[in-house]
Amino acid sequence: MSAAPYFVGVAEGPSDGAAFWLTAQDGVRIRAGLWHAGATRGTVFLLPGRSEYVEKYGRSAGVLAQAGYATLTVDWRGQGLADRLPKDRMVKDRMIGHVGDFAEYQADMAALLEFATGRGLPQPYYMLSHSMGGCIGLRSLMAGLPFRAAAFCAPMWGIVMADWLRPLVAVLATTARWLAFDHRYAPGTGPQTYVTEVPFVGNLLTTDAEMWDYMRQQALAHPELPLGGPSLGWLKAALAECGALRRLASPACPVICGLGSQERIVDVRQVHERMARWPGGRLDLYPGAEHEVLMERPATREAFLQSAVALFAAAG
């Protein structure tokens with residue numbers, strides 16, 4: 001563990017924020033972002049989605065700080081300033097989001113938890129996760145990591161894809177691994193960053209123009225942070241993990257889940273099915289919201305964060 005000199009770009013939030021380099025057990029370097037001054041009620045592990053980075057969640061950390069919680073977030077391997085493609089790959093395009101197995105992300109979670117305990121961050125620990133982070137977080141809960149309660153935001157427990165396409169994608173991804181090109185872009189994707197290439201009107205992430213501009217300006221000013229499309233390897237690993245989690249029972253943990261009514265990225269059927277069989281779990285639908293509830297219009301993101309804070313307070 002070593003300190004990174006500063007947050008990159010715009011990291012709106014509490015002024016005490018700092019970034020740290022962590023090394024997972026397999027030698028991959030990841031980056032943690034921490035806001036914790038004055039926190040007395042616990043620490044929220046904020047688990048980002050695919051292609052995201054720690055600076056994006058400074059505003060959310062500010063809301064959590066006002067409620068008395070520290071926020072610890074992460075650049076997962078393969079994105080942000082963390083190590084990207086494996087060093088043995090002769091590929092120069094660092095815009096490809098790649099992992100070979102979602103178990104690799106659990107090594108990142110272990111490093112993050114070790115950092116929190118080693119630094120003496122306030123307990124209890126809570127989880128707040130978005131999209132891919134919700135997939136990683138669900139596996140962590142099932143593995144018994146010590147989170148008192150969890151708030152999911154548009155969790156990736158399934159990926160939107162035509163049913164007829166799924167077996168074809170599985171065959172393609174498996175063949176790609178056999179032929180050693182699983183680190184190449186999945187069909188229909190490339191090195192472009194979504195928020196810099198797609199216009200606000202019709203985007204799949206948010207209906208809030210100001211938050212769209214916030215994300216876009218970060219990506220334009222600091223192109224080292226965002227990511228392009230996923231690799232074939234990532235897609236195969238993601239589909240395999242979603243399928244594996246689907247077969248497992250929900251853990252005994254207080255939980256809420258926020259989902260926009262306009263969600264078009266994760267498979268809402270899987271979210272509804274999981275929450276319907278989560279004892280005591282609650283699914284909150286946000287009318288008119290797109291995929292990124294935490295980057296939506298002020299009323300929506302405030303409602304979700306306050307619901308999360310209420311859950312944490314009740315579980316604490």
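All values below were derived from every heavy atom in this structure, side-chain atoms included, with hydrogens, water molecules and symmetry-related copies excluded.
For the residue pair Trp278 and Cys253, the shortest heavy atom distance occurs at NE1-O, 3.2 Å. Heavy-atom minimum distance, Pro226 versus Ala219: CG-CB, 3.9 Å. Heavy atoms only, all atoms of each residue included: Ala82 and Ile30 are closest at CB-CA, 3.8 Å.
The ring pair (Phe, Tyr, Trp, His ring centres under 6.0 Å) contacts involving residues 233-255 comprise Phe102-Trp234, where partners must be two or more places apart or lie in separate chains. Under the salt bridge (charged side-chain N to carboxylate O under 4.0 Å, His left out) criterion, the residue pairs touching residues 190-219 are Arg59-Glu210, with sequence neighbours excluded.
Taking the six-membered ring where tryptophan is involved, the planes of Tyr125 and Phe147 are tilted, since the angle between them lies from 30° to 60°. Taking the six-membered ring where tryptophan is involved, the planes of Phe304 and Tyr286 are perpendicular, since the angle between them exceeds 60° and thus also 30°. In this structure, Phe152 and Trp157 have perpendicular ring planes: the angle between them is above 60°, well past the 30° mark.
The salt bridge (charged side-chain N to carboxylate O under 4.0 Å, His left out) with Asp75 is formed by just one residue from the set Arg31, Arg29, Arg84; it is Arg31.
Using a 3.5 Å distance cut-off with no hydrogens or angles, the side chains of Thr43 and His36 do not pair a donor with an acceptor. Judged purely by distance below 3.5 Å, without hydrogens or angles, the side chains of Arg274 and Ser250 pair a donor atom with an acceptor atom. Side-chain contact annotation: Arg297 with Thr207, donor-acceptor N/O pair under 3.5 Å present.
With hydrogens and angles ignored, the 3.5 Å screen pairs a side-chain donor or acceptor of Thr73 with a backbone N or O of Leu46.
Atom CD of Glu114 is surrounded by 12 or fewer heavy atoms from other residues, nucleotides or ligands within 6.0 Å.
Comment: Arg77 engages Asp26 in a salt bridge, judged by a side-chain N to carboxylate O separation of less than 4.0 angstrom.
Residues satisfying the salt bridge (Lys or Arg N to Asp or Glu O under 4.0 Å) test with Glu241, not counting sequence neighbours, are Arg139.
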